[in-house]
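Heads up, the thing below is written out as C-alpha cells.
Every heavy atom of this structure was used, including side-chain atoms; hydrogens, water molecules and symmetry mates were not.
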Amino acid sequence: MRDDTLTPFEQINRGYNTTFQNGRLSVGLVVPIAQYASSPVPDMADHLTRVQQAEKLGFKAVWLRDVPFIVSSFGDAGQFVDPFAYLGYPVATTTDIALGVASIVLPLRHLAYVAQAAATADVLSSGRLILGVASGDCPEEYPAINRDFDARGDAFRESFDYIRAMNAPATQSANRFGKVGPSIEMLPKPARVKLPMLITGSSRQSPDWIAQHGDGWMIYPRPGVAQDRVLQEWRSQLAALGQVPKPVLQPLYIDLAEDPDATPSSIHLGFRSGHRPLCNISDSSSISVCTMSHSICDLVLHLSSKPWRTWPNMSYPLSNKV
C-alpha cells in the first residue's frame, strides 16, 4: 500500500503529478522503443504506435532525448529528430501519458525558443510536459555552434533563470541571452503556474543550487548502497534548505533475455533479465530500497518477438527501509 504519511510532492502539472508521487516508483520508456545496436540511428518505423501502446499498458511517461549531432565517440543519436518538433506526434495522439524530455542541453540552444516550444507542448498536451535540462557532456558539440564548453556551467544557470522568467507573467529579465522589459511578454505561458524542470546530474552547479531551483533531480544508476546514500543526502539537503520533498529519477538499461525466466544480472547502467522477473519489479530491493520516484527504462529488445504484458498501474509502493 502507499505510505500516506509522506509529504506529497508539489503539484505542478498533470504529467508531473501523475509521474511523481512520494513513496511510489513509476516507470517510463525512452523513445524510440526499439533496438538499434547495429547503427547509431534507429529505425523509427512504428514509433508512434509504440508510444500509444506504452500508454495503453500503463507506463507513466515517455522520454525524448536532445541529440543535435552524432558524435562518433558517443555513438547514439537517440530518436535523432528535434525533440520539440517530435512532441507534436504524441501530443496529438495520446491523452494521459506524461511527455518528458531528458534532457535539453540548454547552453546549445537559444532560450527564447526553448521557453516558447516547451510551454507550447505543455499547453497543447493539457499540462503533460516534463522538461529535463542539462549543461551537456559532449565537448565536440560546442564548437559546432560556437559556444564555450568550459563556460557551460554559468550558461546553464542563466539559461534556467531565463526560462523561468519567460514562463512567468509580467516578465522582466536581462542576461547574456537577452533583455525582456515590461513592453513585451512571451506567449504561451505553461498550462499551470510553471513548467516542471528537472536538473540532470550536476549540470556544473552546486548541490544547494540544484536542491533550491530544480523541481526534481535526474541521476545515473549506482549500486544500491551508493544510490541509497546519494538519495539520503538529497533528502537531508532539501530539509536543511527548507524545501519541500522533490523526486529523483534515473535512466535504466533493460536487456530482455530470450529466456522469460532468466535471473536479473548487471549490465552497464542497468540489468539483463527475463520478462517474468521484470514484472516483479515491485519486489526488487535494488530499486525499492533507494526510494527512487521514477525509472526511465531504455529497453534493448525486438518488440516483434518479445512478449509484452500490461503492468497494472505502473507505479509501485516503495520500501520504508530508508
Side-chain angles (χ1 to χ4, degrees), residues 13-16 19 28-34 36 40-52 54-55 59-71 74-94 97-138 141-142 144-145 147 152 155-156 159-160 162-163 166-167 188 190-191 195-201 203 214-216 218 249 251 294 296-299:
N13 71 4
R14 191 158 62 102
Y16 182 95
T19 302
L29 293 175
V30 175
V31 174
I33 308 167
Y36 52 106
V41 180
D43 179 0
M44 296 291 283
D46 299 323
H47 60 98
L48 184 57
T49 299
R50 292 170 182 169
V51 170
Q52 293 169 319
E55 180 175 58
F59 288 92
K60 293 299 182 183
V62 288
W63 296 87
L64 310 178
R65 292 166 55 197
D66 184 20
V67 187
F69 303 98
I70 297 179
V71 179
F74 193 71
D76 183 1
Q79 81 279 343
F80 79 82
V81 295
D82 180 85
F84 289 119
Y86 182 97
L87 277 170
Y89 276 96
V91 162
T93 56
T94 61
I97 197 166
L99 307 174
V101 183
S103 295
I104 295 295
V105 182
L106 294 184
L108 293 180
R109 291 177 174 267
H110 195 286
L111 281 308
Y113 166 74
V114 174
Q116 186 180 50
T120 297
D122 191 48
V123 169
L124 293 179
S125 66
S126 299
R128 289 188 285 145
L129 184 74
I130 303 173
L131 185 63
V133 292
S135 64
D137 57 5
C138 288
E141 293 179 330
Y142 277 73
I145 57 171
R147 300 289 172 85
R152 68 192 186 282
F156 174 85
S159 300
F160 192 98
Y162 184 97
I163 293 173
M166 292 304 104
N167 289 158
L195 289 172
M197 294 176 66
L198 312 180
I199 297 171
T200 306
S203 291
D215 297 311
M218 193 179 307
L249 60 158
H294 184 71
I296 306 171
C297 296
D298 195 339
L299 299 181

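- Among residues two or more places apart in sequence or in another chain, the side-chain contact (heavy atoms from CB on, under 4.5 Å) test is passed with Arg109 by Asp66, Asp82, Pro83, Phe84, Ile104, Tyr113, Val114.
- Judged purely by atom type and a 3.5 angstrom limit, Ser125 uses its side chain to pair as donor or acceptor with the backbone of Asp122.
- Put simply, CG on Leu99 and CG on Leu64 are 7.5 Å apart, with the number rounded to the nearest 0.5 Å.
- Distance check: Leu129 CG to Arg14 CZ gives 12.0 Å after rounding to the nearest 0.5 Å.
- Thr120 meets the side-chain contact (heavy atoms from CB on, under 4.5 Å) test with Gln116, Leu124, Pro188; sequence neighbours excluded.
- Listed by chain and residue number, Leu48, Gln52 satisfy the side-chain contact (heavy atoms from CB on, under 4.5 Å) test with Thr93 (two or more places apart in sequence, or in another chain).
- Minimum interatomic distance between Ile145 and Leu108 (heavy atoms only, all atoms of both residues): CD1-O, 3.1 Å.
- Asp298 has its side chain out of reach of Ile296: every pair of non-hydrogen atoms, C-beta onward, lies at least 4.5 Å apart.
- Side-chain contact between Val101 and Leu87 is present, with heavy atoms from C-beta onward closer than 4.5 Å.
- The CG atom of Leu29 sits 7.0 Å away from atom CD1 of Ile97, with the distance rounded to the nearest 0.5 Å.
- Residues that satisfy the side-chain hydrogen bond (donor to acceptor under 3.5 Å, both in side chains) test with Asn167, not counting sequence neighbours, are absent from this structure.
- Nearest heavy atom pair, residue Ser159 against residue Leu106, reads CB-CB, 3.6 Å.
- Side-chain contact between Leu198 and Leu131 is absent, with no heavy atoms from C-beta onward closer than 4.5 Å.
- Within the 4.5 Å cutoff, side-chain heavy atoms of Tyr142 are placed close to those of Val105.
- A pairwise comparison of heavy atoms in Ala121 and Val91 identifies O-CG2, 4.1 Å as the closest pair.
- The two residues Ser126 and Ala191 have their closest heavy-atom pair at C-CB, 4.5 Å.
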Requested in this report: Go through Ile163 and Met197 one step at a time and tell me if the side-chain contact (heavy atoms from CB on, under 4.5 Å) criterion holds.
Outcome: CA-CA 10 Å; Ile163 293 173; Met197 294 176 66; 3.9 Å; yes
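- Tyr89 places no side-chain N or O within 3.5 Å of a backbone atom of His47 that could act as its donor or acceptor partner.
- Contacts of Tyr162 classified as ring pair (Phe, Tyr, Trp, His ring centres under 6.0 Å), with partners at least two apart in sequence or in another chain: none.
- In this structure a side-chain-to-backbone donor-acceptor pair under 3.5 Å is missing from Asn13 to Pro196.
- For the pair Ser103 and Thr200, the tightest heavy-atom approach, listed with the atom from each and the gap, is OG-OG1, 2.5 Å.
- Under the side-chain contact (heavy atoms from CB on, under 4.5 Å) criterion, Ser135 pairs with Arg152, Phe156, Ser203, Arg204, sequence neighbours left out.
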